[in-house]
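Report on the structure given below.
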Amino acid sequence: MAFFRDVREDIKTVLEQDPAARNSFEVLLCYPGIWSLIWHKPAHWLYKHHLKLLARIISQLTRWFTGIEIHPGATIGRRCFIDHGMAVIIGETTEIGDDVTIYQGVTLGGTGKDTGKRHPTIGDRVVISTGAKVLGPFKVGNDVKIGAGSVVLKEVPDGCTVVGIPGTIVRRGGKPTSDLNQVDLPDPVAVELECLRRRVVEMEQLLKAKFEEESRIQCKEDCQYENIAREMESGKLNPIYGERAAQLKQKRLAESAQEHQSEEQNESI
């Protein structure tokens, strides 16, 4: 039967993807994600056959036992892996493809009080990391990775990595989602802040050089101005905006050489 085939596939998926899983018996007894998927199947069948109250009762009992709330109207593909699963919420019109991995605290929800299709459609081989929220009736493509804590509010093409609030595409055609890496993800907000910090330091240095006086802005003891300036000159910040740091370092070397040459001329005179 398809029911038992799907359960066997779900257990096998856990064994393949979770290094803490030791054997099938342990997975069946101790993994709430497995039980939430097992009970979702009859609840979904009842929902499709217009026995919606009974379907909701089953889904709510499952939520009480597992901490995972899956609306019986949601459509879930094969080999879905809900890891840990506490506080996972999957809305009524959600559609999930095959080989999808969902971590704890994920919400696949809607926005507002719209009727009809109001929840996301998740493609195949998607990884939705801890605490991520996907809200709205749009499609998340195949082989997409959504970073922890991200809030995705619009469609995501195939093969992309999304992070941030709101979700921003930071990588296209990146690493395969099968590696389940949730750490090595770019941070567009941090990159932009780093750029702004460096530009402020450069601007203060230019003002100091032009007016030949110290800045009137008094920094606190924990100010990172001097550290940033040194890192810019030494090239330690090159990975993000290397050209600007290299230009600044080259300018400093040229000024130092010019000053040294002027001192030598004065001594000879």
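Side chains are part of it too, since the values below use all heavy atoms of this structure and drop only hydrogens, waters and symmetry mates. Here the structure is a predicted model, which is why all the values come from computation and not from measurement.
- Under a hydrophobic clustering in which Ile, Leu, Val, Met, Phe, Trp and Tyr are joined whenever their side-chain heavy atoms come within less than 4.5 Å, directly or via other members, V162 and L153 fall into different clusters.
- Contact annotation: the side chain of I102 never approaches that of F81 to less than 4.5 Å [non-hydrogen atoms, C-beta and beyond].
- The side-chain heavy atoms of L108 and V106, taken from C-beta on, include a pair separated by under 4.5 Å.
- Under the 4.5 Å side-chain contact rule for hydrophobic residues, V163 and V151 do not share a cluster.
- Atoms CG and CG, from D143 and D158 in turn, are 7.0 Å apart once rounded to the nearest 0.5 Å.
- Of the possible polar contacts, none joining the K48 side chain to the P72 backbone as a donor-acceptor pair under 3.5 Å is found.
- The shortest side-chain heavy-atom distance between T168 and P166 does not fall under the 4.5 Å cut-off.
- The closest side-chain heavy-atom distance from I146 to S129 is not below 4.5 Å.
- V126 and I89 are assigned to two separate hydrophobic clusters, defined by single-linkage of ILVMFWY side chains at heavy-atom distances under 4.5 Å.
- Closest heavy-atom contact between V88 and Q104: CG2-CA, 4.1 Å.
- Separation of atoms CD1 (I128) and NZ (K145) is listed at 13.0 Å; rounding is to 0.5 Å.
- Proximity of E69 to Q60: side-chain heavy atoms (C-beta onward) are separated by under 4.5 Å at one or more points.
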Checklist entry - Should K12 and E16 be marked as a side-chain contact (heavy atoms from CB on, under 4.5 Å) after you check the CA-CA gap, both sets of side-chain angles, and the distance that decides it? => result CA-CA 6 Å; K12 183 179 178 182; E16 291 174 351; 3.2 Å; yes
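- Nearest heavy-atom pair, V27 versus A21, reported as atom, atom and distance to 0.1 Å: CG2-CB, 3.8 Å.
- Taken to the nearest 0.5 Å, the CD atom of E9 stands 12.0 Å off from the SG atom of C80.
- Within the 4.5 Å cutoff, no side-chain heavy atoms of D124 are placed close to those of D99.
- The hydrophobic clustering, which links ILVMFWY residues whose side-chain heavy atoms are closer than 4.5 Å, places W45 and I58 together.
- Taking OH of Y31 as the reference point, atom CG of L15 lies at 8.0 Å (rounded to 0.5 Å).
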Item to check | side-chain contact (heavy atoms from CB on, under 4.5 Å) evaluation trace for L37 with I76 | outcome: CA-CA 9 Å; L37 293 172; I76 301 178; 4.0 Å; yes
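- If you take CD1 on I34 and CD1 on I82, they are separated by 8.5 Å, rounding to the nearest 0.5 Å.
- Screening K52, R118, R56, K117 for a salt bridge (charged side-chain N to carboxylate O under 4.0 Å, His left out) with E92, the sole residue that qualifies is R118.
- Classification of E95 and K139 as a salt-bridged pair fails, no side-chain N sitting under 4.0 Å from a carboxylate O.
- Linking ILVMFWY side-chain heavy atoms closer than 4.5 Å, directly or via other members, places I38 and I11 in a single hydrophobic cluster.
- Remark: K154 is not positioned above the aromatic ring of F138, lacking an NZ or CZ atom under 6.0 angstrom from the ring centre and at most 45 degrees off the axis.
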Checklist entry - Taking it one step at a time, do V14 and D10 satisfy side-chain contact (heavy atoms from CB on, under 4.5 Å)? => result CA-CA 6 Å; V14 174; D10 292 341; 5.8 Å; no
Next on the checklist: Evaluate H71 against Y47 for ring pair (Phe, Tyr, Trp, His ring centres under 6.0 Å), listing each step before the verdict.
Outcome noted: CA-CA 10 Å; H71 193 284; Y47 188 87; 5.5 Å; yes
Checklist entry - Taking it one step at a time, do N23 and E26 satisfy side-chain contact (heavy atoms from CB on, under 4.5 Å)? => result CA-CA 6 Å; N23 55 67; E26 180 185 63; 3.4 Å; yes
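- A 4.5 Å side-chain heavy-atom check between I70 and T62 finds every atom pair outside the cut-off.
- Here C30 contributes atom SG and R22 contributes atom CZ; the two are 8.5 Å apart, rounded to the nearest 0.5 Å.
- Looking at D83, its side chain never comes within 3.5 Å of a backbone N or O of Y103 through a donor-acceptor pair.
- A donor-acceptor contact shorter than 3.5 Å is absent between the side chain of W35 and the backbone of F65.
- Side chain of T66 to backbone of I68: a donor-acceptor contact under 3.5 angstrom is found.
- A heavy-atom distance below 4.5 Å is found between the side chains of I122 and P120.
- The two residues G91 and A74 come nearest to each other via the heavy atoms O-CB, 3.3 Å.
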Next on the checklist: Would H119 and T94 count as a side chain to side chain donor-acceptor pair (under 3.5 Å) here? Give the steps.
Outcome noted: CA-CA 5 Å; H119 298 96; T94 301; 4.6 Å; no
